[in-house]
Amino acid sequence: MNSIQPNEITAIVLAGGRGSRMGGVDKGLQNFHGTPLALHTVLRLQMQEGGLVGELMINANRNLSAYEAFGAPVWPDTLTDYAGPLAGFMTGLERCETPYLLTVPCDTPLFPFDLVQRLAQAFEDDSTEIAMAAALEEDGQLRAQPVFCLMRVELLESLVAFTQAGGRKIDQWTDQHKTVLVPFNLPGDDARAFCNTNTLAELHALENP
């Protein structure tokens with residue numbers, strides 16, 4: 001039984017998207033309670049229980065100096081053409097110097113403070129390669145949240161091969177690996193923890209429930 005030790009995880013904030021559903025604005029720089037979403041995400045990662053996150057970085061493709069002001073290294077996609085979240089996964093795995101990489105999107109500001117701790121428990125089984133969060137949807141179904149992943153850094157080679165073959169969908173890649181779904185459906189869990197804000201209206205609604 002191999003449990004993850006403190007500082008063995010590097011977390012990457014995924015802020016590299018086009019923000020097309022927000023009218024093309026840079027989503028990670030939109031304010032949530034007065035703090036840019038990406039900075040809010042960085043701060044929430046720093047407050048994760050258990051001390052497992054050692055390093056932080058941000059994946060962004062524009063306004064790089066604005067992101068650099070948030071105090072973490074900023075890396076653009078190595079894949080061209082806004083290839084989606086998997087491009088951020090790849091950037092993270094290429095730059096990661098710890099045994100594990102955690103991916104978190106910049107547009108889900110209420111993700112749990114025990115996110116890392118609960119995902120890490122899946123690695124007590126040595127065969128686990130990826131742990132993925134799953135949350136209750138309004139219809140009562142548990143649904144995977146594929147941008148919230150904790151993975152072994154050795155998966156870089158597999159991801160390179162998958163994207164070189166034209167693959168772009170996260171679940172098609174994670175299905176190739178021993179992926180464990182970690183449910184966030186305990187009585188105390190916030191029902192809005194994994195609400196992502198694709199539009200400015202959704203962002204404002206999350207600020208003022």
Asks: Taking only residues two or more places apart in sequence, or in another chain, which ones meet V53 in a side chain to side chain contact (heavy atoms under 4.5 Å, CB included)?
Replies: I9, A11, L56, V116
Asks: Output all residues satisfying side chain to side chain contact (heavy atoms under 4.5 Å, CB included) with D26, sequence neighbours left out; order by chain, then residue number.
Replies: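 Expected list: L29, R62, N63, Y67.
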Asks: Quick one: list whatever passes side chain to side chain contact (heavy atoms under 4.5 Å, CB included) with L181, sequence neighbours left out.
Replies: M132, A134, A144
Asks: Looking at every heavy atom in both F162 and Q172, which two are closest together, and how far apart are they?
Replies: CZ-CB, 3.8 Å
Asks: Under the side chain to side chain contact (heavy atoms under 4.5 Å, CB included) rule, collect the residues that match up with T108, sequence neighbours excluded.
Replies: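 With sequence neighbours excluded, T108 shows a side chain to side chain contact (heavy atoms under 4.5 Å, CB included) to P105, F148, N196, given in chain and number order.
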Asks: Quick check: do I58 and W75 have side-chain heavy atoms less than 4.5 Å from each other?
Replies: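 The answer is no; the side chains never approach within 4.5 Å.
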Asks: Which pair of non-hydrogen atoms, one from C149 and one from P146, has the smallest distance, and what is that distance?
Replies: SG-O, 3.2 Å
Asks: Using salt bridge (Lys or Arg N to Asp or Glu O under 4.0 Å) as the criterion, list what pairs up with R143, not counting sequence neighbours.
Replies: E137, D139
Asks: Taking C-beta and beyond as the side chain, do L93 and V160 meet within less than 4.5 Å on heavy atoms?
Replies: no
Asks: If you measure from CG on L203 to CG on N31, what distance do you get to the nearest 0.5 Å?
Replies: 8.5 Å
Asks: Give a yes or no on whether the backbone of L136 and the side-chain of N185 come within a donor-acceptor separation of less than 3.5 Å.
Replies: no
Asks: Mind checking side chain to side chain donor-acceptor pair (under 3.5 Å) for T163 and listing every partner two or more places apart, or none if nothing turns up?
Replies: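 Result, side chain to side chain donor-acceptor pair (under 3.5 Å) vs T163: none returned.
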Asks: Which distance, rounded to the nearest 0.5 Å, do you find between the CG of L150 and the CD1 of I130?
Replies: 9.5 Å
Asks: What pairs of residues pass the ring-ring contact (aromatic ring centres under 6.0 Å, His included) test when at least one of them lies in residues 174-193, not counting sequence neighbours?
Replies: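 Of all non-adjacent pairs touching residues 174-193, those that pass ring-ring contact (aromatic ring centres under 6.0 Å, His included) are W173-H177, F184-F194.
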Asks: Any side-chain heavy atom of I12 sitting closer than 4.5 Å to one from L14?
Replies: yes
Asks: Tell me if a side-chain donor or acceptor on Q164 pairs with a main-chain N or O of A161 at a distance below 3.5 Å.
Replies: no
Asks: Going from NZ on K27 to CG on D107, what distance comes out if it is rounded to the nearest 0.5 angstrom?
Replies: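 Atom-to-atom, K27:NZ and D107:CG are 4.0 Å apart.
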Asks: Kindly indicate whether the side chain of V153, heavy atoms from C-beta on, has any atom under 4.5 Å from the side chain of L101.
Replies: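 No - every pair of side-chain heavy atoms lies 4.5 Å or more apart.
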Asks: Which pair of non-hydrogen atoms, one from P109 and one from C195, has the smallest distance, and what is that distance?
Replies: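 Closest approach of P109 to C195: CD-O, 4.2 Å.
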Asks: My understanding is that only residues two or more places apart in sequence, or in another chain, count here; which of them pass side chain to side chain donor-acceptor pair (under 3.5 Å) with S127?
Replies: D125, K178
Asks: Excluding sequence neighbours, so at least two apart, what forms side chain to side chain donor-acceptor pair (under 3.5 Å) with D189?
Replies: R118
Asks: Testing the basics here: between M151 and L155, what is the closest heavy-atom pair and its distance to 0.1 Å?
Replies: CB-CD1, 4.0 Å
Asks: Of the non-hydrogen atoms in V182 and A122, which two are nearest, and what is the gap between them?
Replies: CG2-CB, 4.2 Å
Asks: Linking I/L/V/M/F/W/Y whenever their side-chain heavy atoms sit closer than 4.5 Å, directly or via other members, would L119 and L142 fall into one cluster?
Replies: no
Asks: Is any side-chain heavy atom of Q145 closer than 4.5 Å to a side-chain heavy atom of F111?
Replies: no
Asks: Just so I know, are the side chains of L52 and N7 near enough to count as touching, which here means a heavy-atom distance under 4.5 Å?
Replies: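 Side chain of L52 against side chain of N7, heavy atoms only: no contact under 4.5 Å found.
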Asks: Taking the side chain as C-beta and beyond, is there a heavy-atom pair between E202 and T199 under 4.5 Å?
Replies: yes
Asks: Check whether any side-chain heavy atom of Q30 lies under 4.5 Å from a side-chain heavy atom of P36, and answer yes or no.
Replies: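 Heavy-atom side-chain distance check fails, nothing below 4.5 Å.
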Asks: Tell me whether Q117 contacts the main-chain N or O of L115 through its side chain, where contact means a donor paired with an acceptor under 3.5 Å.
Replies: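 No; judged by distance alone, with no hydrogens or angles, the pair does not exist.
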Asks: For R152, check salt bridge (Lys or Arg N to Asp or Glu O under 4.0 Å) against everything at least two apart and list the hits.
Replies: none
Asks: Specify the closest pair of heavy atoms between G88 and D77, including all atoms of both residues, with the distance to one decimal.
Replies: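 Looking at all heavy atoms of both residues, the shortest contact is N-OD1, 4.0 Å.
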Asks: Does atom CD of E55 have more than 12 heavy-atom neighbours, drawn from other residues, nucleotides or ligands, at distances under 6.0 Å?
Replies: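 Open.
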Asks: With rounding to the nearest 0.5 angstrom, report the CE to CD distance, M57 to E97.
Replies: 8.0 Å
Asks: Who are the side chain to side chain donor-acceptor pair (under 3.5 Å) partners of T10, not counting sequence neighbours?
Replies: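 By the side chain to side chain donor-acceptor pair (under 3.5 Å) rule, T10 matches T98.
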Asks: What residues form a salt bridge (Lys or Arg N to Asp or Glu O under 4.0 Å) with K169, not counting sequence neighbours?
Replies: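 If we apply the salt bridge (Lys or Arg N to Asp or Glu O under 4.0 Å) test to K169, skipping adjacent residues, there are no hits.
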Asks: At what distance, to the nearest 0.5 angstrom, does CG of L206 lie from OG1 of T197?
Replies: 6.5 Å
Asks: Which distance, rounded to the nearest 0.5 Å, do you find between the CG of N59 and the OG1 of T103?
Replies: 10.5 Å
Asks: With a 3.5 Å distance limit and no angle check, can you tell me whether T179 reaches the backbone of D175 through a side-chain donor-acceptor pair?
Replies: no
